[in-house]
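Below is one structure, written out as structure tokens; comments come after it.
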Amino acid sequence: MEGYQRIQEKLDIKILILFILRRLPDVVDPETLATLAIADGTVGYFEYAECLSELVDSGHVEQTRPGYKITERGSRNCEIVESSLPYTVRTRLEKKLIPLAEGMRRRAMIVAEHEQDQDGVYQVHLKLSDGAGQIAELRLLCGSEEQAGKIEANVRLGAEVYYNQIMQMLLADEGNV
């Protein structure tokens, strides 16, 4: 891609991967990480995959069931060397990573899950936090797993709206509900 420098050295590819992971607050799935690393043609897929595997083996990146996250060791080392990445690559990635990181932080503040008890009754468990601590917790009985799933999905999409509506109803003067 014109205007971007191609990264060919293994060390630079490893720094790129660590640079991405260092800016994300949670585990990132393999597809997203690969897309971010190779999106603009600055890195080839096979070189990327080899470097990621080496980073896992060296303890710089931790591979978990849902994806990858940077380790403390990886973060420390990346902080020291990340300025060696081309400026155009760093700025392009930072622009892409900001909304992704914000979305990850938001998802981490919303818990919406359901379970079925031994009597076959579904219960949805909802928790909201604001980054500093938990602000709400609610358990609801549901008539079906489909209903529980719909509640979970809606809460994930509009948790802030539901929280504000509940607070308005609870704080309303009598008769104004």
Side-chain angles (χ1 to χ4, degrees), residues 16-40 43 45 48-49 51-53 55-57 59-76 78 92-177:
L16 176 76
I17 294 167
L18 293 173
F19 180 87
I20 293 167
L21 292 174
R22 188 166 173 261
R23 281 156 179 75
L24 297 175
D26 201 1
V27 174
V28 62
D29 65 88
E31 296 80 22
T32 301
L33 182 58
T35 299
L36 289 166
I38 65 175
D40 292 326
V43 173
Y45 177 78
Y48 154 78
C51 290
L52 179 60
S53 177
L55 286 169
V56 170
D57 292 343
H60 289 84
V61 172
E62 181 182 341
Q63 184 175 8
T64 65
R65 189 159 192 243
Y68 298 94
K69 69 178 182 177
I70 195 166
T71 63
E72 184 62 37
R73 177 182 184 186
S75 185
R76 277 192 320 268
C78 183
R92 173 187 49 85
L93 276 172
E94 284 178 338
K95 286 179 185 176
K96 288 182 177 183
L97 291 169
I98 290 171
L100 180 61
E102 288 173 0
M104 290 173 114
R105 278 191 274 288
R106 182 185 181 278
R107 281 190 300 279
M109 289 188 246
I110 301 168
V111 172
E113 54 196 17
H114 72 274
E115 61 188 12
Q116 184 179 20
D117 65 19
Q118 61 263 29
D119 296 329
V121 176
Y122 289 94
Q123 192 174 99
V124 178
H125 183 213
L126 309 170
K127 283 199 282 189
L128 302 176
S129 64
D130 62 1
Q134 185 173 308
I135 59 172
E137 184 171 4
L138 181 63
R139 287 191 178 272
L140 301 169
L141 293 178
C142 298
S144 67
E145 186 169 21
E146 180 182 340
Q147 189 180 50
K150 187 168 187 160
I151 290 170
E152 287 177 30
N154 286 337
V155 166
R156 283 190 190 105
L157 289 173
E160 300 85 354
V161 172
Y162 292 119
Y163 175 78
N164 286 332
Q165 289 175 342
I166 290 169
M167 290 302 289
Q168 286 176 358
M169 289 187 305
L170 294 173
L171 293 171
D173 292 332
E174 285 185 48
N176 291 334
V177 181

Between [atom1] of [X] and [atom2] of [Y], what distance do you get to the nearest 0.5 Å?
X: Q116; Y: C142; atom1: CD; atom2: SG; result: 11.5 Å
X: D57; Y: Q63; atom1: CG; atom2: CD; result: 9.5 Å
X: E152; Y: L140; atom1: CD; atom2: CG; result: 10.5 Å
X: E137; Y: L126; atom1: CD; atom2: CG; result: 9.0 Å
X: L55; Y: L18; atom1: CG; atom2: CG; result: 5.0 Å
X: I98; Y: K96; atom1: CD1; atom2: NZ; result: 13.0 Å

Stepwise side chain to side chain contact (heavy atoms under 4.5 Å, CB included) test for N164 and V161: CA-CA 5 Å; N164 286 332; V161 172; 5.9 Å; no
Could you check if a side-chain atom of [X] sits within less than 4.5 angstrom of a side-chain atom of [Y], using non-hydrogen atoms only?
X: V27; Y: Y68; answer: no
X: L16; Y: L36; answer: no
X: N154; Y: Y162; answer: yes

Residue pair L141, Y122: steps toward the side chain to side chain contact (heavy atoms under 4.5 Å, CB included) verdict: CA-CA 6 Å; L141 293 178; Y122 289 94; over 6 Å; no
Derivation of the side chain to side chain contact (heavy atoms under 4.5 Å, CB included) call for H60 and I70: CA-CA 6 Å; H60 289 84; I70 195 166; over 6 Å; no
Exercise: do E115 and H125 side chains pair donor with acceptor under 3.5 Å: no
Residue pair H114 / Q123, side-chain donor-acceptor N/O under 3.5 Å: no
Would you confirm whether [X], through its side chain, and [Y], through its main-chain N or O, come within 3.5 Å as a donor-acceptor pair?
X: R156; Y: A112; answer: yes
X: D130; Y: A132; answer: yes
X: T71; Y: G59; answer: yes

Residues in side-chain hydrogen bond (donor to acceptor under 3.5 Å, both in side chains) contact with R73, at least two apart in sequence or another chain: none
Residues that R76 engages under salt bridge (charged side-chain N to carboxylate O under 4.0 Å, His left out), provided they are two or more places apart: none
Those residues that, when tested against E113, pass salt bridge (charged side-chain N to carboxylate O under 4.0 Å, His left out) (two or more places apart): none
For the student: nearest non-hydrogen atoms of P30 and G67, plus distance: CD-CA, 3.9 Å
A34 to Y45 - nearest heavy-atom pair and separation: CB-CE1, 4.4 Å
Carboxylate-amine/guanidinium proximity below 4.0 Å for R106 and E102: no
Test log, rule side chain to side chain contact (heavy atoms under 4.5 Å, CB included), inputs S129 and I135: CA-CA 5 Å; S129 64; I135 59 172; 5.5 Å; no
